[in-house]
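Structure first, commentary second.
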Amino acid sequence: MTQPTEIRRDGQRPLAPDLLASALMAAERGWPVIPLHPGSKRPAGHAERACPGTGRCTGGHRTPEDRATTDPALIHAAWANRPYNVGIATGPAGLLVIDLDPVKADEPKGAPDGATSLQALCERAGQVLPDTYRVRTARGEHLYFTAPTGVRLKCSVDRLGPHIDTRAWGGYVVAPGSTIPDGTYEVASDAPVAELPSWLTALLTEADRPAPVPVRVHDATRAARVALERECAVIASATEGRPNGRNVTLHRSACKVGRFVAWGDIPRHVVEQAIQGAGEATGLPPAECRTTIRSALDWVIAHATPREAA
């Protein structure tokens, strides 16, 4: 069990905890650990490209994840002589850790950092994250969750939003007590590790969506082109399970662009092709997209008044 953070009488935090103790505390939680180079986030040991194929790698290169352990004897031996930082192998630990990063120096002013992106994601989904174990990193924050059973989640980069990465199978996180040039990793909340919410699991396991086909229109008025581009962007960003779900959004956007078809401002086949690509980019089946688009356009064209169609 992790120990609560103590405050000295002078109000200052104590020095970083002993790294061996940090490794043992993680192991006590059932989280396999690996040594990281002192003052670094890089795993100790050789890289695969430099693997000698001998010793522990006689049967093939052993990755840091393969070498991660909860064995106290091995941990004592590893940290006996060098002040290694501590890494936690998230996959074997049964963890999914959300890594919130800051905005990079070369990004535009006002770009969201990881915490802002996560808050926006929760608001769009109408969800609130449960209290859980949190670690203040050198430049951001780690939110620890237990991974769902029966699902082998992998690491991701920006899948949930800008500057939101996840660490699971194939990755690791730096444990509290470790220090790098940017600062020390510290426990921000010693709350019990919560289960990963099912809505986040769904976002991390849904099939990768195909990229929408760029909208290139030449034989249309400027207003029609702008409307088609705007609605294709709206469709491509739609998510299922909300009041404005994918199919509902597809139908509504097709109706909005359909009036320009009725007015003769843009060919129907151009609209169908562009909106079809945007719909498929959300993961909707092609046949469902075609049916919805044709139904929407047929209705709008049939019900356009003479004044609108003129």
Side-chain angles (χ1 to χ4, degrees), residues 108 110-112 116-128 156-164 197-310:
T116 303
S117 294
L118 183 60
Q119 181 180 359
L121 176 66
C122 291
E123 290 175 353
R124 289 195 302 271
Q127 302 286 346
V128 177
S156 71
V157 177
D158 290 346
R159 179 160 187 160
L160 297 178
H163 301 299
I164 305 177
S198 58
W199 65 275
L200 280 176
T201 300
L203 291 176
L204 291 169
T205 55
E206 67 180 4
D208 290 333
R209 298 175 177 179
V213 178
V215 179
R216 295 187 178 92
V217 183
H218 303 290
D219 50 347
T221 64
R222 182 178 183 280
R225 288 198 305 270
V226 171
L228 180 58
E229 292 171 358
R230 180 181 62 245
E231 295 306 321
C232 282
V234 169
I235 294 165
S237 64
T239 57
E240 193 60 273
R242 303 290 300 145
N244 296 329
R246 293 178 296 176
N247 195 286
V248 173
T249 302
L250 183 69
H251 187 274
R252 180 181 296 124
S253 292
C255 286
K256 289 182 179 180
V257 183
R259 58 179 178 161
F260 292 96
V261 177
W263 296 338
D265 290 344
I266 189 171
R268 174 168 177 158
H269 74 275
V270 172
V271 171
E272 288 181 333
Q273 181 179 6
I275 294 184
Q276 179 79 22
E280 290 183 21
T282 70
L284 284 173
E288 183 178 345
C289 290
R290 284 192 294 270
T291 299
T292 299
I293 294 167
R294 289 174 182 173
S295 174
L297 294 180
D298 287 346
W299 190 92
V300 171
I301 293 171
H303 291 80
T305 64
R307 179 178 63 81
E308 288 178 321

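Throughout, residue positions are numbered sequentially from 1 according to the sequence presented.
Gln276 is listed as a side-chain neighbour of Ile293, based on a closest heavy-atom distance under 4.5 Å. Contact of the Leu203 side chain with the Leu121 side chain is registered, since non-hydrogen atoms from C-beta on lie closer than 4.5 Å.
For Thr292, the side chain to side chain donor-acceptor pair (under 3.5 Å) partners are Asn247, not counting sequence neighbours. Listed by chain and number, the residues in a salt bridge (charged side-chain N to carboxylate O under 4.0 Å, His left out) with Asp158 amount to none (sequence neighbours excluded). Scanning for side chain to side chain donor-acceptor pair (under 3.5 Å) contacts around Ser156 gives Thr166, with sequence neighbours left out. Trp199 meets the ring-ring contact (aromatic ring centres under 6.0 Å, His included) test with no other residue; sequence neighbours excluded. In terms of the side chain to side chain donor-acceptor pair (under 3.5 Å) criterion, Thr221 has no residue partners (sequence neighbours excluded).
How far CZ of Arg259 is from CG of Leu297: 13.0 Å, rounded to the nearest 0.5 Å. Separating the SG atom in Cys122 from the CG atom in Leu200 is a distance of 6.5 Å, to the nearest 0.5 Å.
Annotation: salt bridge (charged side-chain N to carboxylate O under 4.0 Å, His left out) contacts involving residues 260-279, sequence neighbours excluded, comprise Arg268-Glu272, Arg268-Asp298.
Taking all atoms of both residues into account, the shortest heavy-atom contact from Ala227 to Phe260 is CB-CE1, 3.5 Å. Shortest non-hydrogen contact noted between Ile164 and Leu118 is CD1-N, 3.5 Å. Contact detail for Ala224 and Ile266: the closest heavy-atom pair is CB-CB, 4.0 Å.
Using a 30° and 60° split on the angle between ring planes, Trp299 and His303 fall in the parallel class, below 30°.
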Derivation and outcome, side-chain contact (heavy atoms from CB on, under 4.5 Å), residues Val270 and Val261: CA-CA 10 Å; Val270 172; Val261 177; over 6 Å; no
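Between the Thr291 side chain and the Ala287 main chain, a donor and an acceptor come within less than 3.5 Å of each other.
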